[in-house]
Asker: 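The structure's right below; bear with me while I get my questions together.
Every heavy atom of this structure was used, including side-chain atoms; hydrogens, water molecules and symmetry mates were not. Reminder, nothing fancy here: chain letters follow the sequence lines and each chain counts from 1. All values reported here derive from a predicted model rather than from experimental measurement.
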Number of protein chains: 2
Amino acid sequence: MSNREKYTSEEAILEAAGQEFMEKGFYGARTTSIAERAGVTHAMLHYYYRSKEQLFERIVSDKMSVIADSVMMILVDENLPLKERLEKGIAKHFDFLVSNPLLPCFLVNEVDRIHPIMVDLIKERFAVMVNVMQKEIDIDVRHLVLDILSQNVMPFLLLPIVEKIGFFDGGRDEMLERIKEENVTIILKRLGL
Amino acid sequence: MSNREKYTSEEAILEAAGQEFMEKGFYGARTTSIAERAGVTHAMLHYYYRSKEQLFERIVSDKMSVIADSVMMILVDENLPLKERLEKGIAKHFDFLVSNPLLPCFLVNEVDRIHPIMVDLIKERFAVMVNVMQKEIDIDVRHLVLDILSQNVMPFLLLPIVEKIGFFDGGRDEMLERIKEENVTIILKRLGL
DNA sequence: ATTATCTATAGATCTATAGATAATGC
DNA sequence: ATTATCTATAGATCTATAGATAATGC
């Protein structure tokens with residue numbers, strides 16, 4: 001097989017499946033639609049990934065891995081004082097979400113399909129995260145981490161409805177920029193910084 | 001028709017549909033499963049609600065109405081100082097979520113199926129909310145409202161994964177109690193109260 | 001020889017309805 | 001007469017595979 005061809009079909013299906021599953025969830029997604037998106041025959045999907053179920057597991061694992069990495073963005077290991085590190089870290093995590101707005105919804109919906117290996121990965125990332133931060137912060141860092149995630153992630157889950165009811169004026173980008181600033185502010189105030 | 005019978009079937013279907021749709025979403029839900037849950041023949045579902053689509057629209061409207069009401073819980077119209085009102089309101093809203101833990105996920109997923117009338121209802125509730133609060137608070141209250149919702153709602157979306165990775169020690173009830181307190185704290189600190 | 005691709009179709013659901021029958025209220 | 005319920009089935013998808021054919025690498 002030529003590498004080029006292999007990429008074109010096998011990878012195209014993965015890419016298409018990622019989109020379809022994120023938009024419609026497991027039940028809403030159709031293998032025929034995925035094949036169409038990927039520009040390949042429907043049979044190819046089963047040739048490479050056996051079943052819809054298996055293809056989905058693969059996508060869930062890939063996406064969870066991305067999410068697990070994203071959490072670590074909050075830890076900026078520069079030699080900056082705590083306040084600046086938090087400012088940078090929260091903003092970095094928020095920017096990641098701006099680039100991947102569908103991820104949170106996907107995570108929330110497919111939680112019980114996460115493979116045990118991924119659960120361990122996420123677990124470990126959080127542990128590292130909490131340990132590093134707890135050294136410098138006197139309140140229970142687990143709550144702080146949950147606070148940061150709530151503030152950063154929730155806007156993307158509510159984005160469709162927030163836009164629908166016109167809760168904020170101005171465009172979407174401007175709105176997100178203001179929310180990002182507010183999120184940094186609320187966490188710093190929480191810590192009295 | 002006897003009222004008793006009417007309740008038994010028509011209402012039972014509505015109840016069962018609410019559960020099934022909340023658990024599995026529109027695509028995951030099966031009209032046959034709903035009928036089974038309700039303890040009626042499958043044909044009855046179509047007899048009363050015509051189609052899966054129409055039954056779903058009905059459920060979405062019902063649930064959205066409940067959510068719209070819940071937001072108003074944050075406003076406690078007792079003659080208390082701002083600080084105490086916020087404490088009570090946030091806690092009340094959080095307790096509502098404890099009793100309806102599946103609602104947030106449902107809202108997030110079915111946003112684009114919300115009927116325009118419901119959009120208007122939600123819009124109006126938020127407007128009232130913001131107007132009342134803005135009188136006493138100097139920062140942009142819209143961000144504060146989003147903050148409160150983020151802090152309160154997000155834990156319920158993350159609950160399955162938080163429990164899966166054992167992020168907090170202790171039981172579920174204890175965990176929720178601590179999160180509730182933290183949520184009040186973070187908002188009060190945000191306002192310097 | 002092996003890998004990739006296509007056509008055609010089996011088999012399993014699921015939604016929805018038609019048509020018959022029973023229960024209810026006037 | 002009207003409302004409620006059941007049985008049976010049409011019709012529409014959707015997943016998955018079998019089997020034939022083309023492309024590729026050794």
Asker: Could you please name the option among C:dA4, C:dT17, C:dT7 that lies closest to any side-chain atom of B:A43?
Answerer: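 The answer is C:dT17, which lies nearest to the side chain.
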
Asker: Is A:E177 salt-bridged to A:K180, going by a charged N under 4.0 Å from an acidic O?
Answerer: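 Salt bridge: yes.
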
Asker: Just how far, in rounded Å, is C1' of D:dT15 from CD of A:Q54?
Answerer: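 So the CD-C1' distance, A:Q54 to D:dT15, works out to 13 Å.
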
Asker: Give one of base, sugar-phosphate or nothing for B:A29, where a contact means two heavy atoms less than 4.0 Å apart.
Answerer: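 Touches sugar-phosphate only.
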
Asker: Between B:S51 and C:dT15, is there a contact of a side-chain N or O with OP1 or OP2 at under 4.0 Å?
Answerer: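 No, no such contact exists.
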
Asker: Below 3.5 Å, can you tabulate the donor-acceptor pairs from side chains in residues 98-115 of chain B to any protein atom, sequence neighbours excluded?
Answerer:
| unit_1 | atom_1 | unit_2 | atom_2 | d |
| --- | --- | --- | --- | --- |
| B:S99 | OG | B:D95 | O | 3.3 |
| B:N100 | ND2 | B:F96 | O | 3.0 |
| B:N109 | OD1 | A:N109 | ND2 | 2.6 |
| B:N109 | ND2 | A:N109 | OD1 | 2.6 |
| B:N109 | ND2 | B:C105 | O | 2.9 |
| B:R113 | NH1 | B:E53 | OE2 | 3.0 |
| B:H115 | ND1 | B:I117 | N | 3.0 |

Asker: Could you let me know what C:dA10 is paired to, Watson-Crick or G-U wobble, both distances under 3.5 Å, or none if it's on its own?
Answerer: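 Result: D:dT15.
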
Asker: Without swapping roles, check the side chain of A:K88 against the backbone of A:E78 for a donor-acceptor pair under 3.5 Å.
Answerer: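 Looks like no, no N/O pair under 3.5 Å.
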
Asker: B:K24 NZ to C:dT13 P: how many Å, rounded?
Answerer: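 Result: 14 Å.
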
Asker: Between B:G39 and A:S33, name the one whose nearest nucleotide on DNA chain D is closer to the 5' end.
Answerer: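 First, find each residue's nearest nucleotide; the 5'-ward one identifies B:G39.
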
Asker: Looking at C:dT7, C:dC14, D:dC6, which one has an atom nearest to any side-chain atom of A:T41?
Answerer: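 Within the option list, the nearest is C:dT7.
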
Asker: May I ask which nucleotide in the shown strands pairs with D:dA22, Watson-Crick or G-U wobble, both distances under 3.5 Å?
Answerer: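 Answer to the pairing question: C:dT3, which forms a Watson-Crick or G-U pair with D:dA22.
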
Asker: Side chains of B:T31 and B:H42 only: does a donor on one sit below 3.5 Å from an acceptor on the other?
Answerer: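 Indeed, the side chains of B:T31 and B:H42 share at least one donor-acceptor pair under 3.5 Å.
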
Asker: Choose from C:dT15, C:dT5, D:dT17 the nucleotide whose nearest atom is closest to any side-chain atom of B:T31.
Answerer: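 So the side chain of B:T31 is nearest to C:dT15.
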
Asker: Please pick, from D:dA16, D:dT17, C:dT15, the nucleotide with the shortest atom-to-atom distance to any side-chain atom of B:H42.
Answerer: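 Looking only at heavy atoms from C-beta outward on B:H42, the closest nucleotide is C:dT15.
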
Asker: Roughly how many Å is it from CG in B:L55 to P in C:dC14, rounded to a whole number?
Answerer: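 Roughly 16 Å, once rounded to whole Å.
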
Asker: So, is B:T32 near the phosphate of C:dT13, with a side-chain N or O under 4.0 Å from OP1 or OP2?
Answerer: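 False: B:T32 side-chain N/O out of range (4.0 Å or more) of C:dT13 OP1/OP2.
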
Asker: Checking contacts here: which listed nucleotide (C:dA16, C:dC6, D:dA16) is nearest the side-chain heavy atoms of B:H46?
Answerer: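 Nucleotide nearest to B:H46's side chain: C:dA16.
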
Asker: How long is the line joining OH of B:Y47 and P of C:dG19, in whole Å?
Answerer: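 So the two atoms are 17 Å apart, to the nearest Å.
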
Asker: Quick one: A:E53 CD to D:dT15 P, roughly how many Å, whole number?
Answerer: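 Whole-Å distance recorded here is 12 Å.
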
Asker: Taking the minimum atom-to-atom distance to the side chain of A:Y48, which one of D:dC6, C:dT7, C:dA4 wins?
Answerer: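 When the side chain of A:Y48 is considered, C:dA4 is the closest of D:dC6, C:dT7, C:dA4.
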
Asker: Once you round it to whole Å, what is the distance between P of D:dA16 and CD1 of A:I13?
Answerer: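 In whole Å, D:dA16 P and A:I13 CD1 are 13 Å from each other.
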
Asker: Whole angstroms only, please: what is the OH-C1' distance between B:Y49 and C:dA16?
Answerer: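 Nearest whole value for this atom pair: 17 Å.
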
Asker: Side chain to side chain donor-acceptor pair (under 3.5 Å) with A:E182: which of B:R142, B:H143, B:R190?
Answerer: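 The residue from B:R142, B:H143, B:R190 that satisfies side chain to side chain donor-acceptor pair (under 3.5 Å) with A:E182 turns out to be B:R190.
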
Asker: Between C:dC14 atom C1' and B:I34 atom CD1, what is the distance in whole Å?
Answerer: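 Value for this atom pair: 12 Å.
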
